[in-house]
Amino acid sequence: MGRLNDLEKMGQAVWLDFIDRKLLAEGGLKKLVEEDGVTGVTSNPAIFEKAMGHGDAYDAELADFDRNHHDASPMARYEYLAIRDIRDAADTLRPVYDRLDGRDGYVSMEVSPYLAQDTDGTAAEAERLWREVDRPNLMIKIPGTPQGVPAIAASIDKGVNINVTLLFGIEAYKAVAMAYVEGLEKRASRGDPIDKVASVASFFVSRIDTKIDDAIDAGTGGDEAKALKGKVAIANAKMAYQWYLDFVKSDRWQALAAKGAMPQRLLWASTGTKNPDYSDVLYLDTLIGKDTVNTVPPKTMDAFRDHGTVAETLTHDVDGSRRVLAEAERLGLDLRGVTDELVEEGVHAFAKSFDTLLASIAAKHPAEAP
């Protein structure tokens, strides 16, 4: 038992923010599950672009597919490869899912980033991928854009597990939390079961500090603002969690909980430290709390295993977090503007990764595969 295992005692799940064929084929994920207590996996277009677009791990299987599907589009070829990875990861995590009665053990797969502004297209894509993968411990990732919110509610209504991604601001988080509730309420009103429908809200962290710190370095807020460097993202996350704690006590949520509904856990994303001046486990050490998930890149997972600190920190000094956010507003750091900008940048970055991924798949010739 090590530091990563100890997080479970604090009520926090650890998910791996990475997936590729080698990790699955060589038993790397199984080892993380058995030895470190990892209970989930997340993927996104950037992760798949690195996995499929570099090296030759997928080439032989892609060649086999192409022999029988000569006219397949790059998107169809990508999905063939990605769905196998997602199914394999889901099967590796299935014992966790069964042991925890559906409370954890999930693997996430993203809808096409090209659909981020298309509500109906996102909902249809989520339902299609849900059927294609055909695993109860799958979560479909939908971005928390204004257009994504009704797609989240519609997907939950159909019994599709959802990982809401690209959340940066508290107001956006509240909107997707309500979408989850609305989807559950519609199911319950028809008498459909809601006890096995799951969702997480992926709240991004380090990218906020990068933006805020850059603004401070550029002179925003003057010398006073320098004391806020590396603090705003954590404060923002802590206040989101405070809203969650209040909401799960509400009559509206308790009515659903009485019917077996699982809470939509906050998931801390983008937790790899980007500023070398900060601790490489900053966004793990400071955000440990009950009923949360931290999705961790492999390098950061190794660092926490080596020197992370396990303590219930998410509820520590909440008043201090309020002061940090108040100071940021007073000094003109515009957190709301930063979070809105980060959503747009995130959608664009995932679409760009998808462009690169599909182009690399299109460029691979079956005759050249081993």
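Worth saying up front: this structure is predicted, and the values here are computed from it rather than measured. Residue numbers run from 1 in the order of the sequence given.
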Could you verify whether a donor N or O on one side chain and an acceptor N or O on the other, from Glu49 and Ser353, lie under 3.5 Å apart? no
Around Gln117, counting heavy atoms of other residues, nucleotides and ligands shown, do more than 12 lie under 6.0 Å from its CD? yes
From Leu16, Leu284, Asp17, residue fulfilling side chain to side chain contact (heavy atoms under 4.5 Å, CB included) relative to Val296: Leu284
CG (Asn68) and OH (Tyr80) are apart, to the nearest 0.5 Å, by 8.5 Å
Test log, rule side-chain contact (heavy atoms from CB on, under 4.5 Å), inputs Asp104 and Tyr97: CA-CA 5 Å; Asp104 215 327; Tyr97 176 85; over 6 Å; no
Measure up the Phe204 and Phe168 rings against each other and bin them: parallel (under 30°), tilted (30 to 60°), perpendicular (over 60°). tilted
For the pair Trp253 and Phe247, name the ring-plane relationship: parallel under 30°, tilted 30 to 60°, perpendicular over 60°. tilted
Taking Asp192 first and then Arg190, would you say they form a salt bridge - that is, a charged N and a carboxylate O separated by under 4.0 Å? yes
Would Tyr241 and Tyr244 count as a close aromatic pair, with their ring centres under 6.0 Å? yes
Distance in Å, Thr295 OG1 paired with Trp268 CH2, rounded so as to fall on 0.5 Å steps: 13.0 Å
May I have the step-by-step check of side-chain hydrogen bond (donor to acceptor under 3.5 Å, both in side chains) for Thr292 and Gln12, ending in yes or no? CA-CA 5 Å; Thr292 60; Gln12 183 169 72; 3.0 Å; yes
Do any N or O atoms from the side chain of Arg87 and from the backbone of Arg84 form a donor-acceptor pair under 3.5 angstrom? no
Take atom NE2 in His316; do more than 12 heavy atoms of anything else shown fall under 6.0 Å from it? no
Euclidean distance, Phe18 CZ relative to Leu29 CG, rounded to 0.5 Å: 11.0 Å
